[in-house]
Amino acid sequence: MPELPEVETLRCDLRPRFVGHRLERAEVTGPRTVRRHPPELLAQLHGDVLAEVGRHGKYLLFQWASGRALVAHLRMSGQLLASEPGTPLARHTHAVLWFGGAGQLRFVDPRTFGELFMASSPGPQVAEIAHLGPDALAAGAGYLVAELARRRAPLKSVLVDQRVLAGIGNIYADEICFDARLRPDRPAAALRPVHVQRLAASVRRVLAAAVQARGSTLADGQYVDLNGQAGRYQGAHMVYGRAGQPCRRCGREVARLAWGARQAYACTHCQH
DNA sequence: CGATTATCCTGTGCGC
DNA sequence: TGCGCACAGGATAATC
């Protein structure tokens with residue numbers, strides 16, 4: 001469940017550890033993890049130096065000195081862990097990048113929804129993720145007003161649509177709606193511009209606070225940072241996963257709303 | 001075109 | 001104690 005704050009935390013951990021170091025070997029053992037192309041393609045990176053680690057939404061972009069780009073997405077259960085060579089491989093380790101002088105970067109993913117792939121063309125613009133909307137931390141309020149106005153879907157469904165904003169998932173959509181005091185099941189187009197302004201402020205405020213706290217680690221412990229450490233933002237959750245518990249603002253019970261196959265945690269007293 | 005649904009997958013936690 | 005099952009949900013293809 002890594003969303004923007006968790007992926008950004010990883011990016012900030014990855015840069016000082018691996019940028020400037022040479023990839024000695026890329027070893028792929030999980031056939032599903034590199035599935036967009038033959039896994040052997042990763043051998044193109046042998047001898048390349050990592051130049052920068054970027055991020056767009058929930059995608060991590062490893063940019064190399066040659067201009068090549070390696071893209072990573074953790075989906076639900078993926079982890080990127082820094083390890084010393086020789087330490088035992090965790091169960092469900094599907095790929096290992098060996099860096100000279102910086103140890104290993106390991107991709108661990110029990111449910112194998114996550115993936116690694118080489119961008120089809122060099123440079124920072126990756127065609128495979130060109131369909132994504134602007135990064136949720138970079139989008140302006142004006143853009144949101146225009147996008148929401150033409151969507152009849154419920155607000156939360158639009159927030160988690162990566163073509164609209166890249167980076168928001170289940171947890172932060174609920175937290176953002178609470179912060180903006182808007183019901184997640186409201187049709188997006190029914191929001192007035194003043195509400196969307198408030199929403200845009202909440203997108204930034206919630207995501208920035210979550211980045212500060214190094215992301216959310218739920219009880220399942222699936223998300224951890226590059227060094228295996230948990231985040232702290234779960235302690236600040238106002239509604240996510242808190243159905244039946246008192247709202248931290250008004251004291252009434254947090255509800256679990258449902259529409260179609262979607263659901264959301266919300267306080268129906270604070271959110272309208 | 002926009003919105004909704006099924007699919008992928010494994011670990012966990014619940015009820016019986 | 002153990003078994004079966006619902007659930008977790010990001011992205012994408014298929015369908016309405």
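Values in this document were obtained by computation on a predicted structure and should not be read as measured data. Just so we're on the same page: letters track the sequence lines, and every chain starts at 1. The basis for the numbers below is simple: all heavy atoms, side chains too, and nothing from hydrogens, waters or symmetry mates.
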Applied to residues 226-241 of chain A, the salt bridge (Lys or Arg N to Asp or Glu O under 4.0 Å) test, sequence neighbours excluded, yields none
Checklist entry - Any sub-3.5 Å donor-acceptor pair from Gln271(A)'s side-chain atoms to Leu182(A)'s backbone N or O? => result yes
A correct 5'-to-3' footprint of nucleotides 9-16 of chain C, with B, S and - meaning base, sugar-phosphate only and no protein heavy atom under 4.0 Å, is BBSS----
Contacts of Asp220(A) and Arg152(A) projected onto DNA chain B by closest heavy atom; the upstream (5') one is Arg152(A)
Check every strand shown and say whether Arg163(A) touches a base, only sugar-phosphate, or nothing at a heavy-atom separation below 4.0 Å. nothing
The complete set of salt bridge (Lys or Arg N to Asp or Glu O under 4.0 Å) pairs with one or both residues in residues 90-115 of chain A, sequence neighbours excluded, reads Arg36(A)-Glu115(A), Arg75(A)-Glu115(A)
Residue set satisfying ring-ring contact (aromatic ring centres under 6.0 Å, His included) with Phe18(A), at least two apart, ordered chain then number -> Phe99(A)
For this session: Kindly indicate, with the supporting measurements, whether the criterion side-chain contact (heavy atoms from CB on, under 4.5 Å) is fulfilled by Ser77(A) and Phe113(A).
Result: CA-CA 7 Å; Ser77(A) 59; Phe113(A) 284 5; 5.7 Å; no
message: Could you tell me if the side chain of Asp225(A) sits less than 4.5 Å from the side chain of Thr217(A), heavy atoms only?
response: no
Give every donor-acceptor pair under 3.5 Å between a side-chain atom in residues 238-247 of chain A and any protein atom, sequence neighbours left out.
residue: Arg242(A); atom: NH1; partner: Met238(A); partner atom: O; Å: 2.8
residue: Arg242(A); atom: NH1; partner: Pro246(A); partner atom: O; Å: 3.2
residue: Arg242(A); atom: NH2; partner: Pro246(A); partner atom: O; Å: 2.8

Between its two end axes (five pairs each) the helix from dG2(B)-dC16(C) to dC16(B)-dG2(C) turns, nearest 10 degrees, through 50°
For residues 142-162 of chain A, the salt bridge (Lys or Arg N to Asp or Glu O under 4.0 Å) pairs (sequence neighbours left out) are Glu147(A)-Arg150(A), Glu147(A)-Arg151(A), Arg151(A)-Asp161(A), Lys156(A)-Asp174(A), Asp161(A)-Arg163(A)
Residues pairing under salt bridge (Lys or Arg N to Asp or Glu O under 4.0 Å) where one sits in residues 46-68 of chain A, two or more places apart or in two chains, turn out to be Glu8(A)-Arg55(A), Arg15(A)-Glu52(A), Arg55(A)-Asp135(A)
Note: with side-chain heavy atoms under 4.5 Å as the link, the other cluster members for Leu61(A) come out as Tyr59(A), Val71(A), Phe117(A), Val126(A), Ile129(A), Leu132(A)
At a 4.0 Å cut-off to heavy atoms of chain A, the contacted part of DNA chain B spans dG2(B) to dG11(B)
Could you go over nucleotides 4-6 of chain C and give all protein N or O partners under 3.5 Å, atom names and distances?
none

*How about Thr29(A) and Val96(A): do any of their side-chain heavy atoms sit closer than 4.5 Å?*
no
Residues pairing under side-chain hydrogen bond (donor to acceptor under 3.5 Å, both in side chains) where one sits in residues 253-267 of chain A, two or more places apart or in two chains, turn out to be Ser157(A)-Trp259(A), Arg256(A)-Tyr265(A)
For Ser202(A) and Asp179(A) the tightest heavy-atom approach is OG-OD2, 2.8 Å
